[in-house]
Amino acid sequence: MSETQIQELIETAIAQLAFSYTPYSHFKVGAALLAKNGQIYTGCNIENAAYTPTNCAERTAVFKAVSEGIREFEAICIVGGPDGELLDYTPPCGVCRQVMMEFCHPDEFQIILAKGKDDYRIYKLKDLMPQGFGPGNLEER
Ligand code: THU
C-alpha cells in the first residue's frame, strides 16, 4: 500500500465521523475499507436505543461491501474518539476482528489505526487476532 493510499484511507475514515450516529455513547468511529479491486467502502458506527443492535463502523463498511458482491479486501483504516475527537487510536472490537477473519487474510490484511493524517500505526489482522478462528477451521480434511 502506498503512502498516498494510506492518506486517502485516513481522510476517508475521518470524513465518516460526520455520519456516525451515537446518541448514547457519543463515541464516534469512522472506517474506510480498501477492497482488492481498488474501491473504498465507508462505514460509521450506528447505535440503537436497545443498545445491542449497535453496529460498529468496521462492520458497517464490511457489510456494505459484501452486500454488493465484494469479498476481497486489502486494508481498513479506523479512526474514532469521544464526540469525534481523535485523542487516541481506536482498535477494532473483538466482534469486528472476527468479521474480518471471515473475509480477510490474517497474514496480509492491514489494519490502520490513525489519530491524524501523520499519526498512524499499521497492524496485520494476525497481530490483532492471534490464533483466530476462520473459515479454514471448518474445512473438511
Ligand atoms: N465502536 C466501533 O464502531 N468500532 C469498534 O471497533 C469499537 C467500538 C463503536 C460502538 C459504539 O457505538 C461506540 O463505538 C462505543 O463502544
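Order of appearance sets the numbers: ligands from 1, and atoms from 1 within every ligand. Please read all numbers here as calculations on a predicted model, not as lab measurements.
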*Listing by chain and number, which residues have a heavy atom under 4.0 Å from ligand 1?*
Ser25, Phe27, Val29, Asn45, Glu47, Thr54, Cys56, Ala57, Glu58, Pro91, Pro92, Cys93

*asked:* Could you tell me if the side chain of Met100 sits less than 4.5 Å from the side chain of Ile76, heavy atoms only?
replied: yes

*Where do Lys28 and Ser20 come nearest, in terms of heavy atoms and distance?*
NZ-O, 3.1 Å

_Nearest atoms (heavy-atom pairs only) where Ala32 meets Leu9_ = CB-O, 3.4 Å

*Is the number of heavy atoms from other residues, nucleotides or ligands under 6.0 Å of Glu85 CD greater than 12?*
no

Below 3.5 Å, can you tabulate the donor-acceptor pairs from side chains in residues 55-63 to any protein atom, sequence neighbours excluded?
residue : atom : partner : partner atom : Å
Asn55   : OD1  : Arg59   : NH1          : 3.4
Asn55   : ND2  : Thr60   : OG1          : 3.0
Thr60   : OG1  : Cys44   : O            : 2.9
Thr60   : OG1  : Cys56   : O            : 2.9

*Just say parallel, tilted or perpendicular for the rings of Phe103 and Phe73, cut-offs at 30° and 60°.*
perpendicular

